[in-house]
Novice: 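Following this message is one structure expressed as structure tokens.
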Amino acid sequence: MKLKNAEELRKLRESIKKESSKGKKLITVCSGTGCRAYGCEDLISAFKQEVEKSGLKNEVEVKATGCPGFCERGNIVVIYPEGIFYQRVKKSHVPDILKKTVVGKQLIDELLFLDEETGKKVTYEKDVPFYKKQMRLLLGANALIDPTKIEDYIALGGYSALGKVLSGMKPDEVIAEVKAAGLRGRGGAGFPTGMKWEITRKAKGDQKFVVVNADEGDPGAFMDRSLLEGNPHSILEGLMIGAYAIGASRGFVYVRNEYPLAVQNVIIATEEARKHGLLGKNILGSDFSFDIDIVRGAGAFVCGEETALMASIEGRRGVPRQRPPFPSDSGILGKPTNINNVETWANVPLIIEKGSGWYSKIGTKGSKGTKIFSLVGKINNTGLVEVPMGVTLSDIVFGIGGGIPKGKELKAIQIGGPSGGCIPKSQANVPIDYDELKKLGGMMGSGGLVVMDEDTCMVDVAKYFLEFLLEESCGKCTTCRDGIERMLEIVTRITEGKGTMEDIDTLNELAEVVRDASMCGLGQTSPNPVLSTLRYFKDEYMAHIKDKKCPGKVCKALITYTILDDKCTGCGACKQRCPQGAISGDKKKPHKIDPKKCIRCDVCYTTCKFHAIKKE
Amino acid sequence: MDKEPMITADKVAPVIDKVIAKYGGDRKMLISILFDVQHEFKYLPKEALEYLSKKMKVPLIDLYSIATFYKAYSLTPKGKHQLTVCLGTACHVRGALGVLEEIERQLDVRPGGTTKDKEFSLSTVACLGCCAMGPIVVMDDVYHGQVTPTAVKGLLAGVSKKAAGSQAKAGA
Amino acid sequence: MIKFTIDGLEVQAEEGTTILDTCRFYGIDIPTLCHDEGLTAYGGCRLCVVEIGEGPSAKLVTSCTYPATEGLKVRTHSRRVVKARRVVIELMLARCSSSKTIQDLASKYDVHKVRFKLKNENCILCGLCVRICEEQMMAGAIGFVDRGKGMKISTPFDIKSDVCRTCGACMYICPACNARCQGPNEGSATCGSCVTMTPTCLDHYDDAQCFMSETSCGTCVREDPKKKV
């Protein structure tokens, strides 16, 4: 049923809320891609079956929700209305949860979260330290809605911002609000969003486009995946408001192919929106007509770059082009086009609903609002973290992330993906702020935060990023294509113990020219991982070059595996698994590794249960 | 070794005509069109591209150029089972490379290739967005987390037993 | 007319022209490789970069693609520009040292050493052949295949193309194969024979033969040029 105006939307919201508050208990299970790896689909069916079996269908509702971000503790189940938080739930726990907690109002201790700091168990979701220290303005809704049901979004207040805009705000007023809020692009570069909208609005063109850039290509980043999978309507609403403000009649959501669930959920969301008249002609009874196409990426990181993305939407090779002309003036099919990141669009309904005054109070002087980070790597609490700008990297890693596992030391925090840099432990008190991070040779980036410990080799990290960028380079520019290849050759030689001091000079010179003379952001920022590791971890490069040693014990050519006689029980497990037959020894007697045959594959190291294998 | 069914121009015609009609023959939709064609044949056969070129009046070189630029397309037939190893940064620092190398050793195949017996196709991906359970290996759309080199053998053996929706394995 | 400055000189250009067009008009020398007046600009080789703007926002752009813009400040031989050009030439030599065009550029811009392993490819990926085939010969038989390190130029499926008329335009325009260099010494990637070998062509001619002639001069081979005369 198509909603004819904002009033009908409001009435629909009231009726949905009334219906859901009929005293039902709610069991929510995270159904994001991450939890699918933990078998959440089976878990959800198990709950539904158990509810049916126990005859509780009218009292208990089971809801598959979006990703709330505490991936380390999946599967996550929250029981409402109390908000009881269960983690690491398995299928075998289902009957007990229903019987004991939902019906019996008893807690199952083994499923409760243990707060390491206080030593006490936490009962309620709101008290879980991982969530409590965050400001979950965007992610908070994920745990409460089924992304395939528009009713859930509407019940939480969804589309009221659109209603507000279409029943009394002029496009210029909307732009003024976004400008006053100080929203900056969340894709990485941090360009002021309101300004971008204004330029596109003023540009001449008989048709204009708006685009959601959901080509989240930075490895280790999955904020956009969670937002798009878990709350697709929040992005669509932002896009609709932006389209109205700019004067666009058509929108595109460009989603990377590697996120099949996000593609599926956003398609469902657009279909639901269309059914309710929130997409199409004369939305909510206004003059504003707008519709959206979903376009899939096809496996090219470079398509996250604006001009390459547009080429892809036009059905061509994703090769970037020079700017000017900027997309705001001449974009898709030569028409003015405004492209923003998923998280940027998701902030818009918030700003309109609560006002720029409220929004601009959050964050720092130059960076307003919150930012979602994906906290990954060598960290105890892996997952999504949403914090106000201004919080420090240390706060995130230690305060929310729970520090480094196995008692290891923090070495660096990689921020900004392949275009970013590594912030060393000594600088970890830097506040999250676009300009502060740039000063340290890093970059806000899209939000990937990869934590590295003492067992990480920073030269290997530089090599890893160069390999990634070489694979993803479109190949047009000599400096990018050949420059990255040659930087990689040099860094690889260094990891093999064949580096020289001249190599450092060549690396620096190459880095400078690749940055200066490449055409697009990929090439221009490709030297950053090398430059930032050289800046803060020169000693590791020197160790590889002068001492032929790898301090992180990663570079195969520079490490040796030996078996400790006093720890080896002679069980023979490593001997069995060794692909090269490099281990010899009799049963129950200490074994030996032949260094000439050993290929440093790490299989013996991960097999040994007695910590009898040493890497040095 | 099974014989591949012959793909001829008349076999591809009805399939491709349907796909073109679905997108209104819009050249802008080429990326999606190629996805649909690949979905039908499990890869992009030469005959399919040739027919598509003729029907849509797009130079064959343009289609080939696009199909080879984007890594989601395959121009060679795939194996029975698809193995994807995530090499994202988070998975990398947790030892994903070791897992990949063990798979390469066990199956005698490199990324982008298919095993001689056509059982497995191996590919790598930069990031699947499941960083909490890295290293990740996806086997036929089923995600396996915290995989170690030691666990690879069991993982590959489990294919025949069709372990659906497996729980994350206890990590190293 | 659009008014801007190049190396401090005030210039005027017509709407729709590029910085390179303007430089050529005023006789300001800019090296190019992937550019040809009869074909659309590509901007891939990066040889023609110039510096525009001032202060921290100054940046390098390819003059063959950047439009002549009112008030623009262009510098064609700044430190950044010359450094970039020399490294670009070095990268090209490392890829394709048997191209006389690139060897000539190396001689001219004083690039003597190549610090990278030689690849000995025949293609510099400038795309001139692709563009002439499509735009001038209206055939569209070849194109860019793959991306990144493995990118190459070929026909679909690497087999003989139905639409190729064997006109030879691609060979004609190719900077790598239309003039081969016979000079590279063993163990070095640069030729420069005209200045480093004895006898050099200047022992026999009044002018260096390398960058004056479009065809192979033949004097930089290791035989005594006197024998040819």
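Just so we're on the same page: letters track the sequence lines, and every chain starts at 1.
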Novice: Please flag which part of R225(A) lies under 4.5 Å from any non-hydrogen atom of chain B: side chain, backbone, both or neither.
Specialist: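 It is the side chain, since no backbone atom gets that close.
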Novice: In terms of side-chain geometry, is the basic nitrogen of E119(B) or K80(B) positioned less than 4.0 Å from the acidic oxygen of its partner?
Specialist: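 Looking at K80(B) together with E119(B), the answer is yes, because their closest N to O distance falls below 4.0 Å.
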Novice: Side chain, backbone, both or neither: which part of E258(A) has a non-hydrogen atom closer than 4.5 Å to chain B?
Specialist: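 It is both, since atoms from each part get that close.
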Novice: Around atom NZ of K153(B), are there more than 12 heavy atoms from other residues, nucleotides or ligands closer than 6.0 Å?
Specialist: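 Counting other residues, nucleotides and ligands, NZ of K153(B) stays at 12 neighbours or fewer.
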Novice: With only heavy atoms counted, which part of A221(A) is less than 4.5 Å from chain B, the side chain, the backbone, both or neither?
Specialist: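 A221(A) touches chain B through backbone heavy atoms alone.
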Novice: Under 4.5 Å heavy-atom distance to chain A, tell me which part of V93(B) shows up: side chain, backbone, both or neither.
Specialist: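 Both the backbone and the side chain of V93(B) come within 4.5 Å of chain A.
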Novice: Using a strict 4.0 Å threshold on nitrogen-to-oxygen distance, state whether K55(B) and D17(B) make a salt bridge.
Specialist: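 Yes, this pair counts.
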Novice: Between V603(A) and chain B, with a heavy-atom cut-off of 4.5 Å, which part of the residue counts as in contact: side chain, backbone, both or neither?
Specialist: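 For V603(A), backbone and side chain are both near chain B.
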Novice: Go through the side-chain N and O atoms of D602(A) and Y561(A) and say whether any donor and acceptor fall under 3.5 Å apart.
Specialist: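 D602(A) vs Y561(A): donor-acceptor pair found between side chains.
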Novice: What part of R296(A) gets within 4.5 angstrom of chain B, counting heavy atoms only: side chain, backbone, both, or neither?
Specialist: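 R296(A) touches chain B through backbone and side-chain heavy atoms alike.
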Novice: Check whether S312(A) gets within reach of chain B through its side chain, its backbone, both or neither, counting any heavy atom under 4.5 Å.
Specialist: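 Its backbone and side chain both get close to chain B.
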Novice: Please report the closest heavy-atom contact between T495(A) and C555(A), naming both atoms and the distance.
Specialist: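 Smallest interatomic distance, heavy atoms only, reads O-CB, 3.4 Å.
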Novice: Heavy-atom cut-off 4.5 Å, strictly under: side chain, backbone, both or neither for F301(A) against chain B?
Specialist: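 Interface part for F301(A): neither.
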Novice: Relative to chain B, which segment of Q414(A) carries a heavy atom at a distance below 4.5 Å: side chain, backbone, both, or neither?
Specialist: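 Neither part, no heavy atoms under 4.5 Å.
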Novice: Check L384(A) against S226(A) and note the closest heavy-atom contact, atom names and distance.
Specialist: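 That closest heavy-atom pairing would be CD1-OG, 3.0 Å.
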Novice: Below 4.5 Å from any heavy atom of chain B, which atoms of C303(A) appear? Answer side chain, backbone, both or neither.
Specialist: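 Side chain only.
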Novice: Please look at L333(A) and chain B and tell me whether the side chain, the backbone, both or neither of the residue comes under 4.5 angstrom of a heavy atom of that chain.
Specialist: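 When you check distances to chain B, only side chain atoms of L333(A) fall under 4.5 Å.
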Novice: For R27(B), which atoms come within 4.5 Å of any heavy atom of chain A: side chain, backbone, both, or neither?
Specialist: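 Both backbone and side chain.
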Novice: With a 4.5 Å heavy-atom cut-off (strictly below), which parts of residues 83-90 of chain B touch chain A? List them by number.
Specialist: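 So the qualifying residues are L87(B), G88(B), T89(B), A90(B).
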Novice: Which bit of R256(A) is near chain B, if near means a heavy-atom gap under 4.5 Å: side chain, backbone, both or neither?
Specialist: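 Looking at R256(A), just its side chain touches chain B.
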Novice: Answer with yes or no after comparing the ring centroid distance for F35(B) and Y73(B) against a 6.0 Å cut-off, counting only values under it.
Specialist: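 That pair passes the under 6.0 Å test.
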Novice: Select one option (side chain, backbone, both, neither) describing which atoms of I599(A) are under 4.5 Å from chain B's heavy atoms.
Specialist: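 Side chain only.
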